[in-house]
Colleague: 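Structure below; questions to follow.
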Amino acid sequence: MAIIDIKIPDDNQEGTTMKVQNWLKSVGDVVVKDDPVLEVETDKVTMEVEAPQAGVITELLVDIGQDLQPGELIARLSTDVEPSEVQSDKPVFNITPEAIVSSHTVSAPNLENDNINNEIRLSPAVRKFVRENNLDVSTITGTGRGGRLTLNDVKTFDPNSVPIKTQTMAAPLTERSVPHSNMRRSIAEHMSRSVATAPHVTAVFEMNFTAIMAHRAKHKGSFAGQGVKLTYTAYFIQACVEAMKVVPQVNSRWHDDFLELFADVNVGVGASLGDKGLVVPVLQKAQTKNLLGIAGDLQDITGRARDNRLKPADMRGGTFTISNHGVSGSLVATPIIINQPQSAILGIGKLEKRVMVETIKGQDMMVIKPMAFVSLTIDHRVLDGSQTNAWLTHFVDVIENWPSD
């Protein structure tokens, strides 16, 4: 009998806090290679552990809520055993959709046919919680791979947040306690430590998008033909690289006895997960890439962030961070808390048309321009106001004078 160990990936995750969030398979389940078996919540992302090869799950060795270490053994599977040979008091899932629907659908009275279809994707722990709390899974947005509902999704779901079509007045809020996730606790600790460690100072400039809007309109088709979406954030990253050449101290780390200046510009891009928190995947060595390379890497990491497919390694090594907070509507956010141990963070506000005064042929004229506020929040131990303004001046100049070709 060939028994295969399933382990937590060991990819230099020292210091990463990991906890079992949700089993996606049970003893007796048939799996194929790369089938998700377990959801693990880290202090930064929720990741899935996959089956190393096809077989039948024979043992589950860790419990929900249990702390984990990189490389830890979590389950075993057999590559020789047929499903009927596995003895277990747990139901066998994922053999055929018909078998799942016939034996594992939720019988709560408010569940419609669409809800039953969604049940096929539920793990045993999620299914149990749904039954016990009489939840309609068709109203819950899943954050797992492929939109799968995770245990955290159903535990933090507020039924009162679902609109009732026949009701004109909002339903009253229900008082309840929502346990903090590992990610939320980590964010709270990280933000508090950053504010306590570094004196934050913020400078704010205005920036005209006309040049990059024209360049993007001209080139986005050719980028799309190569499978790459050209976004404004790609321009911001390349402009950051150019500004680092003028003020390299922005791309640094403070130590008590010296300032560490980095050769690589590894740019973290904040991606909101709604009320679940924030992740900051890192685009590595931006200084070695052209606009196409930056846009392609950016598309990859942000896509994996949306699909909950980031690995802890995707979040490490950042030397500078961009917070594109304007996408959610804010004009200015200050201070944007520095992602320690970095020395600065760039904020990009909402893009909007504004009336600006320009001198045209010696006359002051009011013109409408696409503008946004941009800010640089710095660790005042590392940078002074003149350096901060010099960096922002060059960053804005690169964006506003972007060549059309």
Colleague: For T359 and D364, does a side-chain donor sit closer than 3.5 Å to a side-chain acceptor?
Modeller: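 Their side chains do contain a donor-acceptor pair, which is all the 3.5 Å distance test asks for.
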
Colleague: Enter the distance from E72:CD to D67:CG here, rounded to the nearest 0.5 Å.
Modeller: 9.0 Å

Colleague: What pair of heavy atoms forms the shortest contact from I336 to G347, and how long is it?
Modeller: CD1-CA, 3.4 Å

Colleague: Per the side-chain hydrogen bond (donor to acceptor under 3.5 Å, both in side chains) rule, what does the pair list look like for residues 385-399, sequence neighbours excluded?
Modeller: D397-N401

Colleague: Taking atom types as modelled, is there a side-chain donor on D264 or Q287 under 3.5 Å from an acceptor on the other?
Modeller: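 Checked: D264/Q287 side chains pair up, N/O donor to acceptor below 3.5 Å.
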
Colleague: If we only count heavy atoms from C-beta on, is the V49 to P9 side-chain gap below 4.5 Å?
Modeller: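 They are in contact (side-chain heavy atoms under 4.5 Å apart), so the answer is yes.
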
Colleague: Checking N22 side chain against E39 main chain: does a donor-acceptor pair fall under 3.5 Å?
Modeller: no

Colleague: Provide the closest heavy-atom pair for A305 versus V279 in the form atom of the first, atom of the second, distance.
Modeller: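 Where A305 meets V279 most closely, the heavy atoms are CB-CG2, 4.3 Å.
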
Colleague: For the pair E358 and K369, find out whether any cationic side-chain nitrogen is under 4.0 Å from an anionic carboxylate oxygen.
Modeller: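 A salt bridge links E358 with K369.
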
Colleague: Show the numbers, then the answer: is there a side-chain hydrogen bond (donor to acceptor under 3.5 Å, both in side chains) between N251 and T319?
Modeller: CA-CA 6 Å; N251 193 51; T319 61; 2.5 Å; yes

Colleague: Is there a side-chain contact between I8 and Q69 in this structure, where contact means two heavy atoms from C-beta onward sitting under 4.5 Å apart?
Modeller: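 They are not in side-chain contact.
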
Colleague: First locate atom CD1 of I368, then atom CE of M366, and finally report the distance between them rounded to the nearest 0.5 Å.
Modeller: 9.5 Å

Colleague: For the atom pair OG (S222) and CG (L230), what is the distance rounded to the nearest 0.5 Å?
Modeller: 8.0 Å

Colleague: Between the side chains of R185 and E189, is the shortest nitrogen-to-carboxylate-oxygen separation below 4.0 Å, so that they form an ion pair?
Modeller: no

Colleague: Return the minimal non-hydrogen interatomic distance between S343 and V250, and the atom names on each side.
Modeller: CB-O, 4.0 Å

Colleague: Looking at every non-hydrogen atom in both residues, tell me the closest pair between L383 and Q249 and how far apart they are.
Modeller: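 Result for this residue pair: CD2-CB, 3.6 Å.
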
Colleague: How long is the straight-line distance from CG of N339 back to CD1 of I345, given to the nearest 0.5 Å?
Modeller: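 Answer for the CD1-CG pair, I345 versus N339, is 6.5 Å.
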
Colleague: Are D405 and K218 ion-paired here, with the side-chain N under 4.0 Å from a carboxylate O?
Modeller: yes

Colleague: Going by atom type alone, with no hydrogens or angles, which donor-acceptor pairs under 3.5 Å involve a side-chain atom of residues 198-211 and a protein atom two or more places apart or on another chain?
Modeller:
residue: H200; atom: ND1; partner: A198; partner atom: O; Å: 2.8
residue: H200; atom: NE2; partner: I338; partner atom: N; Å: 3.2
residue: T202; atom: OG1; partner: T334; partner atom: OG1; Å: 3.3
residue: T202; atom: OG1; partner: T377; partner atom: OG1; Å: 2.7
residue: E206; atom: OE2; partner: R354; partner atom: NH1; Å: 3.0
residue: N208; atom: OD1; partner: T210; partner atom: N; Å: 2.8
residue: N208; atom: OD1; partner: T210; partner atom: OG1; Å: 2.6

Colleague: Determine whether K25 and D35 make a side-chain contact, defined as any pair of heavy atoms from C-beta on separated by less than 4.5 Å.
Modeller: yes

Colleague: Flag the pair I140 / L135 as yes when at least one side-chain heavy-atom distance between them is below 4.5 Å, and no otherwise.
Modeller: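 When only atoms from C-beta onward are counted, L135 and I140 do touch, with a gap below 4.5 Å.
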
Colleague: Does F320 reach the side chain of M244, with side-chain heavy atoms less than 4.5 Å apart?
Modeller: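 SC-SC contact between F320 and M244 confirmed.
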
Colleague: Look only at the side chain of S78 and the backbone of I3, and say whether a donor-acceptor pair between them is shorter than 3.5 Å.
Modeller: no

Colleague: CZ/R76 to CG/L60 distance, rounded to the nearest 0.5 angstrom?
Modeller: 11.5 Å

Colleague: Counting neighbours of NZ on K19 that are heavy atoms of other residues, nucleotides or ligands and sit closer than 6.0 Å, is the number greater than 12?
Modeller: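 Atom NZ in K19 is packed in, count exceeds 12.
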
Colleague: When you compare the side chain of I74 with that of K7, does any pair of heavy atoms fall below 4.5 Å?
Modeller: no

Colleague: Do you know which of V280, I337, L346 makes side chain to side chain contact (heavy atoms under 4.5 Å, CB included) with T321?
Modeller: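 The passing option is V280.
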
Colleague: Within the side chain of Q299, is there an N or O that forms a donor-acceptor pair under 3.5 Å with the backbone of G227?
Modeller: yes

Colleague: Mind listing the closest non-hydrogen atom pair of I4 and T79 along with its distance?
Modeller: CG1-CG2, 3.8 Å

Colleague: Are there over 12 heavy-atom neighbours, none belonging to I360, within less than 6.0 Å of that residue's CD1?
Modeller: yes

Colleague: With a 4.5 Å heavy-atom cut-off, do W254 and T197 have their side chains touching?
Modeller: no

Colleague: Within the side chain of N290, is there an N or O that forms a donor-acceptor pair under 3.5 Å with the backbone of G293?
Modeller: yes

Colleague: If every non-hydrogen atom of A239 is compared with every non-hydrogen atom of I399, which pair is closest and at what distance?
Modeller: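 Heavy-atom minimum between the residues: CB-CD1, 3.7 Å.
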
Colleague: Does D297 use its side chain to pair, donor to acceptor, with the backbone of L283 at less than 3.5 Å?
Modeller: no

Colleague: How far does NZ of K311 sit from CD of E48, to the nearest 0.5 angstrom?
Modeller: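 Rounded to the nearest 0.5 Å, the NZ-CD separation comes out at 7.5 Å.
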
Colleague: side-chain hydrogen bond (donor to acceptor under 3.5 Å, both in side chains): which pairs involve residues 226-244, sequence neighbours left out?
Modeller: H215-Y235, T233-N324, E242-K245

Colleague: What's the verdict on side-chain hydrogen bond (donor to acceptor under 3.5 Å, both in side chains) for H255 and E260, showing C-alpha distance, side-chain angles and the deciding distance?
Modeller: CA-CA 7 Å; H255 296 270; E260 182 180 6; 2.8 Å; yes

Colleague: What I'd like to find out is whether the side chain of I322 reaches to under 4.5 Å of the side chain of C240, using heavy atoms alone.
Modeller: yes

